**Student:** 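Handing you a structure now.
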Amino acid sequence: GFTDPPHPTPATSRSPCSTPSPLPTMVGYGIQSMLKDGHKHLSGLDEAVLKNIGAGRELSAITRTSLGPNGMNKMVINHLDKLFITNDAATIVNELEVQHPAAKLLVLAARAQQEEIGDGANLTISFAGELLEKAEELIRMGLHPSEIIIGYTKAINKTLEILEDLVEKGSENMDVRNTEEVMLRMKSAVASKQFGQEDVLCPLVADACIQVCPKNPANFNVDNVRVAKLVGGGLHNSSVVRGMVLKNDAVGSIKKVEKAKIAVFAGGVDTSATETKGTVLIHSAEQLENYAKTEEAKVEELIKSVADSGAKVIVSGAAVGDMALHFCERYKLMVLKVSSKFELRRFCRTTGAIALLKLSRPNADELGYTDSVSVEEIGGARVTVVKNEEGGNSVATVVLRGSTDSILDDLERAVDDGVNTYKSMCRDSRIIPGAAATEIELAKRLKDFSLKETGLDQYAIAKFGESFEMVPRTLSENAGLGAMEIISSLYAEHAAGNMKVGIDLEGGACKDASIMKIWDLYVTKSFALKYSADAVCTVLRVDQIIMAKPAGGPRPPQQGAMDED
């Protein structure tokens, strides 16, 4: 065994690099002795809980001014120097690259909302920030976070019950192929991104969605509505094309074909080099001439076999060789080049073709069909339009026109929101009044509910109800109206039993949402509120933050922020 050293050296005098003695010596005391150098440990209300709440509030302060139709735009420049100008909260928080672990939870909630429903990400973050702010007030009053969590959980369950109550009667039955009904539900989602343009955009999006809606609407695929962005013109020049719009010109001189069969070759239309390297010894000029001719003859034979199969259009997924192109021209074949393999897949879906790997004669069932393929010039850009007017169409394209790229990107986000809303309404078409009418009604009913509770959680329930005032307050502030007057007149209307009264942003007064035709989807609202309540409860459950030493040694401490590895 080891003998103890006669005089143990004090812990402090040892340098961390010295060779360890057989007995471990304690460095410091408490948790310091347990973890490596350079770790951080924050615990208790002030250090952990309130800091986390502060981070969540900061994030929601960013997105809140973008809520609603009059929301302001944010200019975000991401780490790749790409510029985003948008009021779409999902895009903003994704590009911000949030580092703080607690704020990241809110970002994840917004992302879940965006993937599940495709709209309402801003409500998720803003509402979560408001709940956190109210939780801070409660903590300062002396409530324990676990009491707040219990209160918030009761409140969100009650909220979802009340929401069921507020659903418009008869809205659960809907014809998803009726443009009027679709636009009614889609309008508020599109207007929140592009206020004032919704009357132009909604018919386009509704038309495109209805064209590609399958027999069973629940199987609607968002990917089947494509967006082609072409700079120039204005939004009123936008249109919907049944089929696809490829952003490149046709290769070769044939620019238009009607009622054509299509052969798709994923590997390109070219003479292929062999796997093995061979050496050809040529003795005379004759042999050299014949060698070149056989290559030509081989290519011609391949192209002729494609032409004989009845195909009039060849689509290549890679390069088109010069010699192959020459013979395609001779056999009057139109040649298109689609370099993106995803685009090629969609093309196959539009035309019903099967992509072949190498250039060979296609079978009849491997050929696709299209009504017309033509090269058109739209605003100086040449695009290839592949149309399929006959029913059972699987892809529709919304051609957007606008003056700059960033405007087009924002229009595309509005279209995406519209298409996602269509997908949601195919599954659940129930609607509730929009324009903050639902929120005020929820606030009113939750306050009544909190008075019936006896425990300390009644304060949390009351604050949860108050948090709903954030929506009308933000909507009216973003529109430049007096928030207090509007909220008080909304409460007065709702107390009188007018449950559908919301804010008329243009008139700056309160008005019935059903007259203004502003409706929100029930699923969007319920998921957004559920996700924010979940995220907030997760943040409030944290009472200690322990960060181990980062890999590169201790980092310099940052002012008032925490890093996550």
Side-chain angles (χ1 to χ4, degrees), residues 52 54-69 71-132 189-195 205 222-223 225-227 229 340 342 400 402 404-421 423-424 470 474 478 523-525 527-536 538-539 561-565:
N52 283 347
R57 276 181 25 212
E58 289 299 316
L59 182 68
S60 82
I62 294 174
T63 59
R64 186 173 301 176
T65 50
S66 298
L67 184 69
M72 306 301 275
N73 281 355
K74 306 279 180 243
M75 195 181 269
V76 182
I77 297 153
N78 70 359
H79 62 290
L80 299 172
D81 273 354
K82 182 165 169 27
L83 172 71
F84 292 87
I85 300 176
T86 175
N87 57 11
D88 179 37
T91 309
I92 295 167
V93 294
N94 272 341
E95 298 306 330
L96 280 182
E97 295 194 14
V98 177
Q99 279 293 308
H100 192 291
K104 248 186 188 162
L105 286 170
L106 301 195
V107 175
L108 291 173
R111 205 173 286 168
Q113 172 75 8
Q114 188 67 16
E115 283 166 11
E116 187 74 37
I117 307 291
D119 183 32
N122 200 333
L123 178 63
T124 309
I125 295 181
S126 305
F127 187 63
E130 187 71 15
L131 286 178
L132 286 171
V190 176
S192 68
K193 298 285 173 291
Q194 291 288 331
F195 189 44
V205 180
V222 183
D223 199 41
V225 177
R226 309 301 311 155
V227 176
K229 299 177 289 190
S340 147
F342 297 108
L400 290 177
T404 64
D405 283 332
S406 53
I407 288 178
L408 284 171
D409 286 343
D410 221 22
L411 283 171
E412 182 184 15
R413 282 189 271 274
V415 171
D416 277 350
D417 271 21
V419 176
N420 278 310
T421 310
K423 176 178 132 195
S424 305
M470 180 274 304
T474 309
N478 288 349
V523 273
T524 309
K525 215 36 127 224
F527 270 103
L529 299 177
K530 207 157 58 187
Y531 284 145
S532 20
D534 284 353
V536 168
T538 312
V539 172
M562 298 175 313
D563 284 330
E564 190 187 39
D565 297 350

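Please read these numbers as outputs of a predicted model, since none were measured by experiment.
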**Student:** For M75, enumerate each residue passing the side-chain contact (heavy atoms from CB on, under 4.5 Å) test, keeping only those at least two apart in sequence or located in another chain.
**Tutor:**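 Here the qualifying residues are L83, I85.
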**Student:** Taking atom types as modelled, is there a side-chain donor on N122 or S126 under 3.5 Å from an acceptor on the other?
**Tutor:**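 Judged by distance alone, the side chains do pair up.
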**Student:** Does a side-chain N-to-carboxylate-O contact under 4.0 Å join D410 and K193?
**Tutor:**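 Salt bridge: no.
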**Student:** Nearest 0.5 Å, please: how far is CD in E95 from CD1 in I77?
**Tutor:**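 Here the interatomic distance stands at 11.5 Å.
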**Student:** Roughly how far, to the nearest 0.5 Å, is the NZ atom of K530 from the NZ atom of K525?
**Tutor:**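 One gets 15.0 Å once the value is rounded to the nearest 0.5 Å.
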**Student:** Please report the interatomic distance CG(D88) to CG(N73), rounded to the nearest 0.5 Å.
**Tutor:**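 Rounded to the nearest 0.5 Å, the CG-CG separation comes out at 10.5 Å.
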**Student:** Can you name the nearest heavy-atom pair linking F195 to P69, along with the distance?
**Tutor:**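 Where F195 meets P69 most closely, the heavy atoms are CB-O, 3.2 Å.
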**Student:** Kindly say whether N87 contributes a backbone atom to a donor-acceptor pair with the side chain of T91 at under 3.5 angstrom?
**Tutor:**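 Absent.
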**Student:** Not counting sequence neighbours, which residues clear salt bridge (Lys or Arg N to Asp or Glu O under 4.0 Å) with D534? List them please.
**Tutor:**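 Once residues adjacent in sequence are excluded, D534 has no partner under the salt bridge (Lys or Arg N to Asp or Glu O under 4.0 Å) criterion.
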**Student:** Could you pull out the closest heavy-atom pair between V523 and S424, with the gap in Å?
**Tutor:**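 Taking V523 first and S424 second, the nearest heavy atoms are CG2-CB, 4.0 Å.
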**Student:** With a 4.5 Å heavy-atom cut-off, do L132 and L106 have their side chains touching?
**Tutor:**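 Contact flag for L132/L106 side chains = yes.
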**Student:** Output, in order, the C-alpha distance, side-chain angles, deciding distance and verdict of side-chain contact (heavy atoms from CB on, under 4.5 Å) for L59 and H100.
**Tutor:** CA-CA 10 Å; L59 182 68; H100 192 291; over 6 Å; no
**Student:** Indicate the atoms forming the closest heavy-atom contact of A55 with A103, along with that distance.
**Tutor:**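 Nearest heavy atoms, A55 then A103: O-CB, 4.1 Å.
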**Student:** First locate atom CG of L123, then atom OG of S60, and finally report the distance between them rounded to the nearest 0.5 Å.
**Tutor:**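 It is 11.5 Å, given to the nearest 0.5 Å.
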**Student:** Test: side chain to side chain donor-acceptor pair (under 3.5 Å). Region: residues 111-120. Which pairs qualify, not counting sequence neighbours?
**Tutor:**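 Those involving residues 111-120 are N94-R111.
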**Student:** Report the residues that fulfil side-chain contact (heavy atoms from CB on, under 4.5 Å) with K74, sequence neighbours left out, ordered by chain and then residue number.
**Tutor:**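 Testing K74 for side-chain contact (heavy atoms from CB on, under 4.5 Å), a comparison that skips the adjacent residues, returns I62, T65, S66, V76, I92.
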**Student:** Residues two or more places apart in sequence or in another chain: which of them pass side-chain contact (heavy atoms from CB on, under 4.5 Å) with D223?
**Tutor:**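 D223 satisfies side-chain contact (heavy atoms from CB on, under 4.5 Å) with N221, R226, R346, R349 once adjacent residues are dropped.
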**Student:** Using every non-hydrogen atom in the two residues, find where A535 and L105 come nearest and quote the distance to one decimal.
**Tutor:**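 The pair with the smallest heavy-atom distance is CB-O, 4.3 Å.
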**Student:** Please find the pair of heavy atoms, one from N478 and one from G71, that lie closest to each other, and give the distance.
**Tutor:**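 For N478 versus G71, the nearest heavy atoms are ND2-CA, 4.0 Å.
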**Student:** Tell me every residue that passes side-chain contact (heavy atoms from CB on, under 4.5 Å) with D409, counting only those two or more places apart in sequence or in another chain.
**Tutor:**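 Here the qualifying residues are K82, K229, E412, R413.
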**Student:** As an exercise, state the distance from CD1 of I125 to OG1 of T63, rounded to the nearest 0.5 Å.
**Tutor:**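 With rounding to 0.5 Å, CD1 (I125) is 5.0 Å from OG1 (T63).
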**Student:** Report yes if some heavy atom in the side chain of T524 is under 4.5 Å from a heavy atom in the side chain of T421; otherwise report no.
**Tutor:**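 Side chain of T524 against side chain of T421, heavy atoms only: no contact under 4.5 Å found.
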**Student:** If you look at every heavy atom in A89 and A121, which pair is closest and at what distance?
**Tutor:**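 Smallest heavy-atom distance, with atoms named: CB-C, 4.2 Å.
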**Student:** About how many Å separate CZ of R57 and CD of E130, when rounded to the nearest 0.5 Å?
**Tutor:**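 Taking CD in E130 and CZ in R57, the distance rounds to 10.0 Å.
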